[in-house]
Amino acid sequence: MRETVLSDTPNIDDALFPGIDCDRLFGGTACVHPPRILILYGSLRSRSFSRLAAEEAARILTRLGAEVRVSNPSGLPLVDDGVDASHPKVRELRDLVAWCEGMVWSSPERHGAMTGLMKTQIDWIPLSDGAVRPTQGKTLAVMQVSGGSQSFNAVNQMRVLGRWMRMLTIPNQSSIPKAFQEFDEAGRMRPSPLYDRIVDVMEELVKFTLLTRDRAEYLVDRYSERKESAEALMKRVNLSAAT
């Protein structure tokens, strides 16, 4: 019987596959500034429960030592509606995304899905901006509010989008059923296990952000992209030599 050699990988370019660099993964100089967290919410109602939940998250994150910015989506145009990235609200959103090291997405569930406003904000965030991938390697926490019984449709959708945006979506999440019962007249969330879950999620987000932000570039460095870049460089070199 022929013995299988499990380390035999002839399809891999050895020069582009050096193995795991533990110095880059565990070493290096750690950032000392507070973790920078951007929060997006998905409703413009005057008493928006996704915004109120986002504001509670912001308070908890601040208590945990993070620097927090909450993006106001009012005035953000629809994608492809006769505007481009030079629009002030689009530029504002993209600048915030470039600034942050982690994000919180808080959306209502409407017709079994995240709201159009939530999706519009995400759609305006490009997968690449020049040579920069604005969201790659950043952490993400997802939250939703519902008018009825507990559901996870919106958070599940946002997890898919987070993966598509190459973000590190944390395991925990928050879903608030019958949200109209969970906030008082002043817009503050009442004490409950649902509030405690938001505390859990924000605590986890900060931990993951602190663990990954210094090595995010290495964590999402991919063999296939290194190979593609090497091939593109070789073509440019060969073209220069030929001319």
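For clarity, every value in this text was computed on a predicted model and none was experimentally measured.
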S.K.: Measuring only between side-chain heavy atoms, which start at C-beta, is Tyr223 closer than 4.5 Å to Ile12?
M.R.: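 They are in contact (side-chain heavy atoms under 4.5 Å apart), so the answer is yes.
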S.K.: For the residue pair Leu93 and Trp124, what are the closest heavy atoms and their distance?
M.R.: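 Taking every non-hydrogen atom into account, CD2-CB, 4.0 Å.
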S.K.: What are the two closest non-hydrogen atoms of Leu161 and Trp105, and how far apart are they?
M.R.: CB-CZ3, 4.0 Å
S.K.: Check whether any side-chain N or O of Asp184 sits under 3.5 Å from a backbone N or O of Arg188 as a donor-acceptor pair, and report yes or no.
M.R.: yes
S.K.: Test salt bridge (Lys or Arg N to Asp or Glu O under 4.0 Å) on Glu56 and Arg59; report intermediate values, then the result.
M.R.: CA-CA 5 Å; Glu56 292 293 353; Arg59 295 182 183 101; 3.4 Å; yes
S.K.: CG of Asp80: more than 12 outside heavy atoms within 6.0 angstrom?
M.R.: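 Atom CG in Asp80 is not crowded, with 12 or fewer foreign heavy atoms closer than 6.0 Å.
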S.K.: Could you state whether Phe26 and Ile20 fall into the same hydrophobic cluster, counting links through intermediate Ile, Leu, Val, Met, Phe, Trp or Tyr residues with side-chain heavy atoms under 4.5 angstrom apart?
M.R.: yes
S.K.: Please find the pair of heavy atoms, one from Tyr41 and one from Ser48, that lie closest to each other, and give the distance.
M.R.: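 Looking at all heavy atoms of both residues, the closest pair is CD1-OG, 4.5 Å.
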S.K.: Verify, without hydrogens or angle tests, whether Arg24 (side chain) and Arg215 (backbone) share a donor-acceptor contact under 3.5 angstrom.
M.R.: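 Side chain of Arg24 to backbone of Arg215: no pair is present.
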S.K.: Less than 4.0 angstrom from a charged side-chain N to a carboxylate O is my criterion; do Arg197 and Glu182 meet it?
M.R.: no
S.K.: In terms of side-chain heavy atoms, does Ser74 have a donor or acceptor partner in Asn72 at a distance below 3.5 Å?
M.R.: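 The answer is no; no qualifying pair exists.
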S.K.: When rounded to the nearest 0.5 angstrom, what distance separates OG1 in Thr120 from CE in Met118?
M.R.: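 Reported to 0.5 Å precision, the distance equals 10.0 Å.
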S.K.: Rounded at 0.5 Å granularity, tell me how far NZ in Lys138 sits from CD1 in Ile37.
M.R.: 10.0 Å
S.K.: Under 6.0 Å from the CD atom of Glu217, do we count more than 12 heavy atoms belonging to anything else shown?
M.R.: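 Result for CD/Glu217: open.
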S.K.: Under a 3.5 Å threshold, yes or no: a donor from one side chain and an acceptor from the other, between Gln173 and Ser175?
M.R.: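 No, no side-chain donor-acceptor pair sits under 3.5 Å.
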S.K.: Can you establish whether the number of heavy atoms outside Trp99 located under 6.0 Å from its atom CH2 is more than 12?
M.R.: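 Yes, CH2 of Trp99 has more than 12 neighbouring heavy atoms, counting only those of other groups under 6.0 Å.
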S.K.: When clusters are formed by joining ILVMFWY residues with side-chain heavy atoms under 4.5 Å apart, either directly or through shared neighbours, do Val142 and Val199 land in the same one?
M.R.: no
S.K.: Should Leu78 and Val83 be regarded as members of a common hydrophobic cluster, given that ILVMFWY residues are connected when their side-chain heavy atoms come within less than 4.5 Å of each other, either directly or indirectly?
M.R.: no
S.K.: Does NE2 in His111 sit with more than 12 non-hydrogen atoms of other residues, nucleotides or ligands closer than 6.0 Å?
M.R.: no
S.K.: Minimum heavy-atom separation for Ser149 to Pro177, with atom names?
M.R.: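 Heavy atoms of Ser149 and Pro177 come nearest at C-CB, 3.7 Å.
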S.K.: Cut-off 3.5 Å, side chains only: do Ser43 and Ser50 have a donor facing an acceptor?
M.R.: no
S.K.: Under 3.5 Å, is there a donor-acceptor pair between the side chain of Arg226 and the main chain of Leu16?
M.R.: yes
S.K.: Any donor-acceptor pair under 3.5 Å linking the side chain of Asp214 with the backbone of Cys31?
M.R.: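 Flag set: sc Asp214 to bb Cys31 pair under 3.5 Å.
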S.K.: Which pair of non-hydrogen atoms, one from Glu109 and one from Phe152, has the smallest distance, and what is that distance?
M.R.: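 Nearest heavy atoms, Glu109 then Phe152: OE1-N, 4.2 Å.
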S.K.: Could you tell me whether a side-chain N or O of Arg222 sits under 3.5 Å from a main-chain N or O of Lys227, the two making a donor and an acceptor?
M.R.: no
S.K.: Quick check against the 3.5 Å criterion: does Glu101 have a side-chain atom that pairs as donor or acceptor with the backbone of Arg213?
M.R.: no
S.K.: Identify the two heavy atoms, one from Gly112 and one from Asn153, that lie closest to each other, and give their separation to 0.1 Å.
M.R.: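 Scanning both residues, the minimum pair turns out to be O-CB, 3.2 Å.
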S.K.: Roughly how far apart are Lys207 NZ and Leu64 CG, rounded to 0.5 Å?
M.R.: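 The NZ atom of Lys207 sits 9.0 Å away from the CG atom of Leu64.
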S.K.: Just how far is it from atom OG of Ser71 to atom CG of Leu38, taken to the nearest 0.5 Å?
M.R.: 6.0 Å
S.K.: Quick check: does any side chain N or O of Arg190 sit under 3.5 Å from a backbone N or O of Phe183, one acting as donor and the other as acceptor?
M.R.: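 Yes.
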S.K.: According to a hydrophobic-cluster definition based on side-chain heavy atoms being under 4.5 Å apart (Ile, Leu, Val, Met, Phe, Trp, Tyr only), do Met114 and Leu117 belong together?
M.R.: no
S.K.: For Lys89, is there any backbone N or O sitting under 3.5 Å from a side-chain donor or acceptor partner on Arg94?
M.R.: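 Side chain of Arg94 to backbone of Lys89: no pair is present.
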